[in-house]
Amino acid sequence: MSLPADEKFLVVSFHDLAPPCQDLCRGFLEDMRGLGIPRVSLLVVPKWHDGPLMNRDSRFTDWLLSLEEAGHEIALHGFTHLGGRIQGGLFAQAVGRIYTAREGEFYQISHDEAQRWLTRGLDLFRDAGLSVEGFTAPAWLLSEGGRRALADLDFLYTTTFGHIEVFPGRRRYSAPVLVFSSRSRGRRWISRRWVPLWGRINRNSSILRLAVHPGDLKYAAIRETIFDLARRFSSTRSVVTYAELARRILDG
């Protein structure tokens with residue numbers, strides 16, 4: 001199972017999608033369509049920050065259904081996007097508290113707990129009429145127990161910070177990600193300079209990913225940098241969703 005050696009791919013993903021950022025995402029998808037990017041992987045959180053379940057908002061779920069029909073992918077992105085108590089020393093604490101701002105929900109999760117939350121998320125999606133094939137953990141932090149739970153539940157793929165992992169067989173493929181940090185002025189300043197450089201460094205990678213968070217789109221400079229990267233890489237690569245890419249790998 002491999003990718004064609006002469007073909008390069010771009011996956012654009014919108015993270016943390018939930019009812020509070022529906023209108024922001026809608027505008028982003030329109031902008032991407034204007035750039036010639038017709039399909040995006042939408043990473044949906046069923047109960048954003050422990051608020052109302054997404055199924056209580058029919059405007060949101062009906063909209064997701066229409067997006068799925070239009071070719072966008074709906075993927076599961078945690079359940080609440082909130083992490084629990086962090087176990088371990090300074091490194092584990094730094095990852096759980098600083099890198100992910102206490103949102104690493106699947107960072108240290110056990111197999112049984114992961115299976116419980118994944119099953120509940122899948123049930124909510126299916127009740128809304130949505131099909132789900134993939135999962136990305138919040139902040140790409142996924143425990144080994146969580147990974148085994150995904151395989152047990154027959155997910156097609158998961159993603160990490162540097163890879164896409166396709167089930168069955170847990171085959172991992174390098175997939176550098178262009179992602180911004182917009183939580184502070186300093187992070188935004190660094191991101192605007194580092195992310196385009198990272199894109200140039202990885203311009204020959206078979207798979208390249210552009211990951212967008214709602215907060216990124218609130219800052220004009222970050223927004224324009226995202227659009228520049230999307231325009232540049234979509235002109236030389238096949239634009240696919242994660243699920244399309246995983247199936248291409250399996251078919252290969």
Side-chain angles (χ1 to χ4, degrees), residues 8-18 21 24-25 27-29 31-32 35 37 39-45 48 72-73 75-78 81-83 94-107 134-142 157-165 172-234 237 239-243 245:
K8 290 182 170 58
F9 300 91
L10 174 68
V11 179
V12 178
S13 59
F14 187 96
H15 292 229
D16 304 350
L17 182 53
C21 64
L24 196 65
C25 181
F28 173 73
L29 295 179
D31 289 330
M32 289 298 100
L35 295 178
I37 297 175
R39 297 181 300 283
V40 172
S41 289
L42 302 169
L43 278 54
V44 180
V45 183
W48 173 253
H72 297 285
E73 177 194 3
L76 183 58
H77 188 42
H81 210 284
L82 285 175
V95 170
R97 296 170 181 267
I98 300 173
Y99 162 68
T100 186
R102 299 177 183 269
E103 291 187 322
E105 183 181 8
F106 279 70
Y107 176 35
F135 175 84
T136 292
W140 292 290
L141 294 173
L142 180 63
Y157 73 86
T158 188
T159 70
T160 65
F161 186 79
H163 297 83
I164 177 170
E165 187 170 316
R172 300 176 79 226
Y173 296 84
S174 177
V177 62
L178 309 178
V179 59
F180 295 79
S181 180
S182 300
R183 292 204 303 267
S184 69
R185 180 179 296 179
R187 286 172 179 257
R188 293 192 294 274
W189 188 90
I190 293 170
S191 289
R192 286 183 57 212
R193 287 149 181 84
W194 166 249
V195 176
L197 175 60
W198 187 239
R200 289 194 292 274
I201 291 171
N202 290 285
R203 62 186 178 276
N204 293 322
S205 297
S206 295
I207 304 168
L208 198 61
R209 302 181 289 159
L210 178 60
V212 179
H213 292 78
D216 299 336
L217 302 176
K218 298 177 182 179
Y219 301 97
I222 296 291
R223 185 185 183 97
E224 288 308 312
T225 306
I226 289 170
F227 292 169
D228 286 344
L229 291 169
R231 187 181 300 109
R232 182 193 314 167
F233 288 113
S234 66
R237 292 170 174 266
V239 179
V240 293
T241 64
Y242 279 128
L245 180 61

Once rounded to the nearest 0.5 Å, what's the spacing between atom [atom1] of [X] and atom [atom2] of [Y]?
X    : Y   : atom1 : atom2 : value
H15  : H81 : NE2   : NE2   : 8.5 Å
S205 : L10 : OG    : CG    : 11.5 Å
F14  : C21 : CZ    : SG    : 4.5 Å
C25  : L43 : SG    : CG    : 10.5 Å

Between [X] and [Y], is any pair of side-chain heavy atoms under 4.5 Å apart?
X    : Y    : answer
H213 : V179 : yes
V195 : L229 : yes
D31  : R223 : yes
T241 : V11  : no
R39  : E73  : no
F233 : N202 : no
L42  : L29  : yes
F9   : L208 : no

Shortest non-hydrogen contact from [X] toward [Y]:
X    : Y    : answer
L210 : I226 : CD2-O, 3.9 Å
R188 : S182 : NH1-O, 3.0 Å
P196 : S191 : CD-O, 3.7 Å
H77  : V45  : O-CG2, 3.4 Å
G78  : E105 : CA-OE1, 3.5 Å
D216 : A211 : OD2-O, 4.3 Å

Aromatic F180 / basic R192 pairing, under 6.0 angstrom, 45° off normal: no

Cationic tip of R193 above W189 ring, under 6.0 Å, 45° of axis: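 Yes, cation above the ring, under 6.0 Å and within 45°.
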
Criterion side chain to side chain contact (heavy atoms under 4.5 Å, CB included) on L142 and T160, from CA distance to verdict: CA-CA 8 Å; L142 180 63; T160 65; 5.6 Å; no

Flag for T136-T159: side-chain donor and acceptor within less than 3.5 Å: yes

Short side-chain donor-acceptor distance under 3.5 Å, R172 and H163: yes

Mutual orientation of the aromatic rings belonging to F161 and W140 [parallel < 30°, tilted 30-60°, perpendicular > 60°]: perpendicular

Aromatic ring pairing Y242/Y157, orientation class (parallel under 30°, perpendicular over 60°, tilted between):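 The arrangement is tilted - the two ring planes meet at 30° to 60°.
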
Close aromatic pair by centroid cut-off 6.0 Å: F106 and F135: yes

Main-chain N/O of A175 paired to R209 side chain as donor or acceptor, under 3.5 Å: yes

Exam field: side chain H72 to backbone V40, donor-acceptor pair closer than 3.5 Å: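 Yes.
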
